[in-house]
Amino acid sequence: MLDRRGDRVVAVTVDDDAVELHRIDVAAADLIEWMRGHESREHPRWVWSDTTEWYPALLGRGIRVERAVDLRLCRRILRSAEAAAGSRLAAARRDAWDRAPIASAPDSGTTLFDLSAPAERSDPLDELRLQTEAVAQSAQRGVLALLLAAESVGALTAAEMSHAGLPWSASRHDEILTDLLGARPVAGRPRRMEELVVRLRELLEAPDLDPDSPERLLRALQNAGLPARSTRSWELKEIEHPVIAPLLEYKKMARVLTANGWNWVDTWVHEGRFRPVYVVGGVVTGRWASDGGGALQLPHQVRGAVVADPGWKLVVADAAQLEPRVLAAMSGDAAMARAGRAHDLYEGIVASGAVADRSEAKYGMLGAIYGGTTGVSGRVLPRMRRAFPAAMALVEDAARAGERGERVRTWLGRTSPAGRGEGYDETLTDEARARARTDARSWGRFTRNFVVQGTAAEWAMCWMGALRRRLWQLGEGAPSIAPEPFARRPHLAFFLHDEVVVHAPAELADRVAEEIRSAAADAGRMLFPAAPVEWALTVAIVDSYDRAK
DNA sequence: CGATGTTGCCAC
DNA sequence: AAACGTGGCAACATCG
């Protein structure tokens, strides 16, 4: 357990019950070499306040650690977990440990200890003890411990991916943009967009139309006699008029230009790498969020700019229909597990006879998970309920619990925030009662989705943790070029909820693909040892990201 | 002029 | 297929 105290670091060796065995004091300046020695000899399980605070600088000095507990992340999970509700930790007052992570730019450099204002926190050893005790006393200690381990290894992986970066060809990106929009303008719009604006102005007889302003665009559409109620693309698509096609084309271009155009490359791509900042556990459900660069929204249009280094490949893997499979495993729904024997679970549902075609299966399934009530998903719901009673009961129970104001849990025990249920209050007006009911339903859709999305995030975290270890072993023997731990080794380069991109030396790509499949099986066994669910993957070995699937 | 709210669209 | 879950982000509009 490492604790920074000014220009010194206290290192305490503790046992599994967080009892102190040994303590030394290291000068911050010597810490790197001290840690390097311990890491190479014994792969200790480091314990530190916050991976975002410690790890980027260590990676910058060439230190990759096998294991590390992230106290801040673990506290957040435990504080809200119902399974640890009776603990001293749950009862403790809010303090600095509950605060947001210390922001760290990726590769913020090699300065480990000159952050001017470290957060005031209690002794991390006290915090570790509180957490250890909370887990030990819980009736759910097995799954909680797995959740904390998965979250902590996720934090390591996130920092490593930011460090390694996603290989990005700025010149290829420029070609994509130039093909689509015209050459990069010095000022104003690219040529092809400007041409479209001229056409839009003619077609709408609005000589000073600015299509970038939704308000003015809407007025121009209405002045031209179109029945537009907003400028949303999916609404405009319903209107028959010669201006619609070029307008939709313009909106597509404008989106690419503003979100992932030349300015984006200038800001986010350096030395051939895009280095996003991942926010581990940044979403209530436990999914990751990202901070800056829109890493989790990379449009398919620009993925062609993600190009492996010469002599390297990208191995891209996607967990096929992960959420339905997770639901099948959680609920023990044998019929749904059987449908998942098909590589495509939706085709499996069609084959089961429950629905007529793949699109009905897909929207019925998504409707069940999201709480859809209208359209196709509403229509096939009764048939889904008959065909997959256990799975449907699980999500509908979660929805009703949310409507009553109760909290719900993922498979590993992450607990949803407290919501307000629909309390009956006869003093309310009819209108207020109706609103309360609408709010309760809406919260029920959230809790319905929480259990599945959150458990899928846990599966993905276990998958990635297992894969991280396997990739490191696969790279053993490769001469490492200090201070770059991943310079010669296959490594994770990108993660997107249920999808990973590994950057790998070409001669190892086939073995990487095998490890990805083995890691998925590992994750399935970790979470659902007995479930007869297949964890289907789509794996592609490619030179650029757009060639996958 | 910056802060805040709204709109619309990208990802899963 | 309609507008049902989780997010981030850029641009425009408005406010103080």
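A note on names: the letters A, B, ... follow the listed sequences, proteins ahead of strands, and every chain is numbered from 1. Quick note: numbers below take in every heavy atom, side chains included, and nothing from hydrogens, waters or symmetry partners.
When distances are taken from the side chain of A/Asn449 to each of C/dG5, C/dC12, B/dC12, the shortest belongs to C/dG5. For A/Ala289, the side-chain atoms get nearest to C/dG7 when compared with the rest of C/dA1, C/dG7, C/dC12. Here B/dG8 is the nucleotide among B/dC12, C/dG5, B/dG8 with the atom lying nearest to any side-chain atom of A/Arg232. The nucleotide whose nearest atom lies closest to any side-chain atom of A/Thr374 is, among B/dA11, C/dA3, C/dG5, C/dA3. Nearest to the side-chain atoms of A/Ser230 among the listed nucleotides C/dA13, B/dC10, B/dG8 stands B/dG8. Listed nucleotides: B/dA11, C/dA1, C/dT6. Nearest to the side chain of A/Val376: C/dA1. Distances were taken from every side-chain heavy atom of A/Ser233 (C-beta onward) to each of B/dG8, B/dC9, C/dT6; the shortest belongs to B/dC9. Nearest nucleotide to the side chain of A/Thr258, out of B/dC9, C/dA10, B/dC12: C/dA10.
Few gaps surround CZ on A/Arg273; more than 12 heavy atoms of other groups in view lie less than 6.0 Å from it. Summarising the local packing, CZ of A/Arg229 is surrounded by 12 or fewer heavy atoms from other residues, nucleotides or ligands at distances under 6.0 Å.
Remark: the A/Asp522 side chain and the A/Trp463 side chain contain no N/O donor-acceptor pair separated by less than 3.5 Å. For A/Arg189 and A/Tyr250, the side-chain atoms include at least one donor-acceptor pair closer than 3.5 Å. Side chain to side chain, A/Glu82 and A/Thr415 fail the donor-acceptor criterion of an N or O pair below 3.5 Å. Side chain to side chain, A/Asp70 and A/Thr51 meet the donor-acceptor criterion of an N or O pair below 3.5 Å.
Atom CG in A/Asn260 sits about 11 Å away from atom C1' in C/dA10, given to the nearest Å. Counting to the nearest Å, the P atom of C/dA2 and the OH atom of A/Tyr363 are 10 Å from each other. In this entry the distance linking CZ of A/Arg255 with P of C/dA10 reads 9 Å, nearest Å. Taking atom CD of residue A/Glu458 and atom P of nucleotide C/dT6, one finds them 17 Å apart after rounding to whole Å. The CG atom of A/Leu257 sits 16 Å away from the P atom of B/dC9 (whole-angstrom rounding). Taking atom CE of A/Met365 as the reference point, atom C1' of B/dC12 lies 16 Å away to the nearest angstrom. Look at CG on A/Leu296: it is 12 Å from P on C/dG7, rounded to the nearest Å. The NE2-C1' distance, from A/His497 to B/dC10, rounds to 11 Å in whole Å.
Backbone-only engagement by A/Val284 is indicated by non-hydrogen atom pairs under 4.0 Å involving sugar-phosphate atoms exclusively. Nucleic acid contact class of A/Gly292 (heavy atoms, under 4.0 Å, all strands): sugar-phosphate only. Within the nucleic acid shown, A/Gly371 comes within 4.0 Å of at least one base atom, counting heavy atoms only. Heavy atoms of A/Arg448 sit nowhere under 4.0 angstrom from any nucleic acid atom. Nucleic acid contact class of A/Ser213 (heavy atoms, under 4.0 Å, all strands): sugar-phosphate only. Nucleic acid contact for A/Gly293: sugar-phosphate only, since backbone atoms but no base atoms lie under 4.0 Å from a heavy atom of the residue. Within 4.0 Å (heavy atoms only), A/Trp288 reaches no atom of the nucleic acid at all. Across all strands shown, A/Glu215 has heavy atoms under 4.0 Å from sugar-phosphate atoms exclusively, and none from any base.
Both the sub-6.0 Å distance and the 45° axial angle are satisfied by A/Arg303 relative to the ring of A/Tyr545.
Rounded to a whole angstrom, the distance from the P atom of C/dA2 to that of C/dT6 is 22 Å.
Both A/Arg445 and A/Ala259 sit near DNA chain C, but only A/Arg445 has its closest nucleotide nearer the 5' end. Nearest-nucleotide assignment on DNA chain C puts the 5′-proximal partner with A/Asp291, out of A/Asp210 and A/Asp291.
Residue A/Arg287 places a side-chain atom within donor-acceptor reach of the base of B/dC12, judged by atom type and a 3.5 Å distance cut-off alone.
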